[in-house]
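Note sheet for the following structure.
Note that this is a predicted model, so its numbers are computed, not measured.
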Amino acid sequence: MEKCGISKLDLKRRNRMQILRVIKEFGPISRVDVASELHITRAAVTIITNEMIEEGVLVEIGEAPVNAEKLQKGRRKILIGINENYKFALGACIEEREVSIGLSTLNGAILDKASMIIDDKTMTKDIISYIISKSNEMMDNSCLKKDNVLGLGIGIVPSMWGRLKIFYKDGVLDFSSFIDKIACGVDLEIRCGNAVGLLALASNDFENYNGYHNNQVFISYGNQINMAVLNKNVLSPDYMSYTYMIERVVVNPDGRQIDGYPDGSVKAELSKTAFMNALAEIYSKEKTPVLYEQSGGDKNSITIDALSNSVIRGEEPVVNLVNRFIAGFAVLANNLSCLHFAHRIILHNVELSERQLDYFKRGIAKYVGEDTAEKIILSKVEKKCNFIGGCALVIQDCFYYKGGMK
């Protein structure tokens with residue numbers, strides 16, 4: 001009879017993976033608390049963590065703080081944490097107008113970065129050559145060998161898949177051909193994925209709410225609007241590939257029309273192109289004198305600050321348009337919050353001042369309530385650092401999922 005089961009190596013890797021997960025979610029933590037969280041013996045945790053400390057994967061940080069009033073005799077808890085410099089990660093992001101690449105530690109601290117502007121005439125081979133040359137250059141500059149680097153993670157926005165000849169195979173995105181081309185010049189583990197999902201992963205703060213894991217909805221805003229969902233701190237597989245399907249969601253049944261989408265869809269109502277087209281319909285020296293002056297008479301020069309000043313000064317056509325946009329987004333935010341039990345709605349590629357964000361959230365609260373409005377936050381990933389999503393993918397696949405083992 002054939003025997004089935006898990007090997008000792010797989011069991012070891014699984015135990016280490018669970019310990020790393022707990023440390024990542026809770027930060028520096030004692031062995032006793034790790035054992036309590038995982039429901040395994042303290043002795044087992046001690047044996048495993050001591051081995052990981054010897055390897056350099058973990059480090060002892062110091063004694064846990066104590067409440068003087070509850071101080072008890074005996075040995076105090078020693079906190080352990082992940083050694084952020086045990087290994088490093090390279091990441092890249094390919095967007096419509098830019099390719100960015102960078103090097104990070106295990107906790108996502110950026111050590112090096114570079115970017116290249118591209119356009120419709122930039123050839124695929126030039127993008128690949130840039131990623132290869134910068135990857136090797138960054139490793140050399142930091143005196144890193146292959147064994148010091150987990151790998152190279154590459155995030156690619158959906159609008160670039162066709163251009164890079166990345167297509168679906170059996171319902172799954174097939175990056176194999178693209179990876180093979182990169183592998184010819186970079187001797188590392190290479191991972192690829194939807195840049196939107198990877199940025200959602202990089203934005204995860206692992207915060208717990210009343211003892212429950214955090215659910216987050218990540219929205220990347222631009223000409224194409226994309227969404228990814230983190231369910232209990234894990235990137236939902238359903239949104240790894242089809243992040244752009246959010247554009248078909250209806251936020252205003254009697255709203256604007258656009259070919260190929262339902263009336264009043266996110267694409268027709270909330271995309272950057274849709275908003276600018278609606279703005280062009282009211283923009284003139286007579287109808288919107290404040291905005292006209294702020295933008296120098298050129299509608300292509302309108303900025304968030306110019307719009308904000310126009311709204312503050314009560315320019316009615318602009319106020320109405322902005323409020324219509326906020327109303328549509330409120331419907332979207334409320335539906336996403338309810339559907340995914342989201343504790344956070346993260347907006348990426350949205351540059352708002354604190355005052356502008358406050359105006360936006362007050363508008364959301366007006367339509368759907370303060371509970372939903374308070375869930376909205378801006379992404380902590382800066383636009384020039386979108387490569388950190390690729391770093392997050394490599395750190396997840398080649399460090400956490402492997403339990404810190406080779």
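Dense packing is recorded around CG of D140, with more than 12 heavy atoms of other residues, nucleotides or ligands lying under 6.0 Å away. Around the CZ atom of F167, the shell of radius 6.0 Å holds more than 12 heavy atoms that belong to other residues, nucleotides or ligands. The local environment of CE in M276 is crowded, with over 12 non-hydrogen atoms from other residues, nucleotides or ligands closer than 6.0 Å. Heavy atoms from other residues, nucleotides or ligands lying under 6.0 Å from CD of E351 number 12 at most. Under a cut-off of 6.0 angstrom, the local environment of CD in E370 is sparse, with at most 12 non-hydrogen atoms contributed by other residues, nucleotides or ligands.
Using a 4.5 Å cut-off on side-chain heavy atoms (C-beta onward), L58 and N83 make no contact. You'll find the side chain of R16 stays beyond 4.5 Å of the side chain of T49, heavy atoms only. Contact check for M227 versus V229: side-chain heavy atoms found under the 4.5 Å cut-off. Inter-residue side-chain proximity for I53 and V59 is flagged as unmet; no heavy-atom pair is nearer than 4.5 Å. At least one side-chain heavy atom of N323 sits under 4.5 Å from a side-chain heavy atom of Y367. Looking at heavy atoms from C-beta onward, R13 lies out of side-chain contact with Q18 at the 4.5 angstrom threshold. Considering only heavy atoms from C-beta on, Q294 comes within 4.5 Å of V290 through its side chain. Counting heavy atoms from C-beta on, the side chains of L291 and Y283 come closer than 4.5 Å.
Between the CD atom of E269 and the CD1 atom of I258 there is a distance of 10.5 Å, given to the nearest 0.5 Å. Between the CG atom of L332 and the CG atom of N252 there is a distance of 12.5 Å, given to the nearest 0.5 Å. One distance of note links CD1 of I131 with CG of L152; it measures 7.0 Å at 0.5 Å rounding. Rounding to the nearest 0.5 Å gives a distance of 10.0 Å between CG of N226 and CG of N349. Distance check: I40 CD1 to I48 CD1 gives 5.5 Å after rounding to the nearest 0.5 Å. The structure places CG of N15 at 8.5 Å from CG of L38, a figure rounded to the nearest 0.5 Å.
Checking side-chain atoms of S203 against main-chain N and O of L199 turns up a donor-acceptor pair under 3.5 Å. Side chain of Y130 to backbone of S115: a donor-acceptor contact under 3.5 angstrom is found. Of the possible polar contacts, none joining the K146 side chain to the L188 backbone as a donor-acceptor pair under 3.5 Å is found. Without hydrogens or angle criteria, S142 side chain to M139 main chain gives no donor-acceptor distance under 3.5 Å. Judged purely by atom type and a 3.5 angstrom limit, E60 has no side-chain atom pairing as donor or acceptor with the backbone of I80.
Checked against a 6.0 Å centroid threshold, the rings of Y242 and Y168 count as neighbours. Checked against a 6.0 Å centroid threshold, the rings of F218 and H348 count as neighbours.
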Step by step, would you call D358 with R362 a salt bridge (charged side-chain N to carboxylate O under 4.0 Å, His left out)?
CA-CA 6 Å; D358 180 65; R362 281 190 283 113; 2.9 Å; yes
Salt bridge (charged side-chain N to carboxylate O under 4.0 Å, His left out) for R344 and E374? Distances and angles first, verdict last.
CA-CA 8 Å; R344 288 283 186 269; E374 286 306 309; over 6 Å; no
Test log, rule side chain to side chain donor-acceptor pair (under 3.5 Å), inputs R31 and T46:
CA-CA 7 Å; R31 293 172 175 84; T46 298; 4.6 Å; no
Walk me through whether K121 and D126 qualify under salt bridge (charged side-chain N to carboxylate O under 4.0 Å, His left out).
CA-CA 10 Å; K121 297 180 180 179; D126 296 326; over 6 Å; no
Could you please spell out the steps behind the salt bridge (charged side-chain N to carboxylate O under 4.0 Å, His left out) verdict for D33 and K77?
CA-CA 9 Å; D33 291 331; K77 294 179 178 179; 3.3 Å; yes
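No donor-acceptor contact under 3.5 angstrom links the side chains of S295 and D298, judged on distance only. Using a 3.5 Å distance cut-off with no hydrogens or angles, the side chains of T243 and N194 do pair a donor with an acceptor. For the residue pair S337/K375, the side-chain donor-acceptor check at 3.5 Å is satisfied. Remark: the S159 side chain and the E96 side chain contain an N/O donor-acceptor pair separated by less than 3.5 Å.
Paired with Q356 under the rule side chain to side chain contact (heavy atoms under 4.5 Å, CB included), one option of I312, D305, V350, L307 passes, and it is D305. Exactly one of D112, I101, V186 qualifies for a side chain to side chain contact (heavy atoms under 4.5 Å, CB included) with K134. That residue is I101. Among N386, I156, I154, the one residue that satisfies the side chain to side chain contact (heavy atoms under 4.5 Å, CB included) test with C93 is N386.
Ionic pairing of E316 and K287 is not present here: no N-O contact between side-chain nitrogen and carboxylate oxygen is shorter than 4.0 angstrom. Using a cut-off of 4.0 Å between Lys/Arg side-chain N and Asp/Glu carboxylate O, D187 and K145 are scored as not salt-bridged. We find that K361 and E354 are not joined by a salt bridge, their nearest charged nitrogen and carboxylate oxygen being 4.0 Å or further apart. Electrostatic pairing of R97 and E95 does not count as a salt bridge here, judged by no charged N lying under 4.0 Å from a carboxylate O.
Ring-plane geometry between F325 and F360 is classed as tilted, the angle between the planes lying from 30 to 60 degrees on a 0 to 90 degree scale.
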Distance-only donor-acceptor hits, side chain of residues 395-406, under 3.5 Å, sequence neighbours excluded:
unit_1: Q396; atom_1: OE1; unit_2: Y401; atom_2: OH; d: 3.4

